[in-house]
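To start, the structure under review is shown below, and the notes come after it.
Source: prediction; values computed, not measured.
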Amino acid sequence: YFWTGLLVPIVYLFALWEAANFLRTFEISKSFDPDSLKHLQSIGADLMYAAMAAILLVPTIEAWVNQGVRNFKTDWNLDAVTIGMIGLILKYVAQRASNLQRKVDSVV
């Protein structure tokens, strides 16, 4: 359980790292420029990956290794589902803002 137990926190660490990068670029530009929107999309993606790992990947690997079962296992933890949905919303909002910014830039 050691390596599988580290998988989800490591992906959360990547999301936290992207959040720090987002805050740094946002503090420099004071606006939602393409770089900061890219960081927001990365935060959302990392949160979704962590949720998928917590729900599907870790339980499946642990079942394969410990029980010899060769099918998919899931653990529908409310925390992981909530974090995954927040990641999906962040990714969607950043993508939508990026598309709107491109439209505004093409008009101007």
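For A63 against K73, the heavy-atom pair with the smallest separation is CB-CG, 3.4 Å. Considering every non-hydrogen atom in both I55 and A80, the closest pair reads CG1-CB, 3.9 Å. Across A51 and G84, no two heavy atoms sit closer than the pair CB-CA, 3.5 Å.
For the 3.5 Å distance criterion, the side chains of Q101 and D105 qualify, holding a donor opposite an acceptor. No hydrogens or angles considered: nothing links the side chains of D79 and T82 as a donor-acceptor pair under 3.5 Å. No side-chain donor-acceptor contact under 3.5 Å links R96 and N99.
In terms of hydrophobic clustering, with Ile, Leu, Val, Met, Phe, Trp and Tyr side chains grouped at heavy-atom distances under 4.5 Å, I10 and W3 are assigned to a common cluster. In terms of hydrophobic clustering, with Ile, Leu, Val, Met, Phe, Trp and Tyr side chains grouped at heavy-atom distances under 4.5 Å, I83 and I43 are assigned to a common cluster.
In this structure, CG on L37 lies 11.0 Å from CG on L90, to the nearest 0.5 angstrom. Distance check, rounded to the nearest 0.5 Å: CG of L23 to CD1 of I28 gives 11.0 Å. Taking CG from L47 and CD1 from I89, the interatomic distance works out to 11.0 Å, rounded to the nearest 0.5 Å. Here M48 contributes atom CE and I86 contributes atom CD1; the two are 13.0 Å apart, rounded to the nearest 0.5 Å. With rounding to the nearest 0.5 Å, the separation of CD in E18 from CG in L40 is 10.0 Å. Taking NZ of K30 as the start and OG1 of T25 as the end, the distance is 11.5 Å to the nearest 0.5 Å.
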Checking side chain to side chain donor-acceptor pair (under 3.5 Å) for the pair R102/S98: CA distance, chi angles, key distance, verdict? CA-CA 6 Å; R102 267 190 249 120; S98 179; 3.2 Å; yes
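For F22, the ring-ring contact (aromatic ring centres under 6.0 Å, His included) test picks out F26, with sequence neighbours left out. With sequence neighbours excluded, no residue forms a salt bridge (Lys or Arg N to Asp or Glu O under 4.0 Å) with K103.
With V58 as the fixed residue, the side-chain contact (heavy atoms from CB on, under 4.5 Å) test singles out one of D75, L7, L6: L7.
Using a 4.5 Å cut-off on side-chain heavy atoms (C-beta onward), W17 and D46 make no contact.
Judged as a ring-ring contact (aromatic ring centres under 6.0 Å, His included), not a single pair has a partner in residues 40-99 (not counting sequence neighbours).
Other residues, nucleotides and ligands place no more than 12 heavy atoms under 6.0 Å from the CZ atom of F14.
Under a 3.5 Å cut-off, the side chain of T60 and the backbone N or O of L56 do form a donor-acceptor pair.
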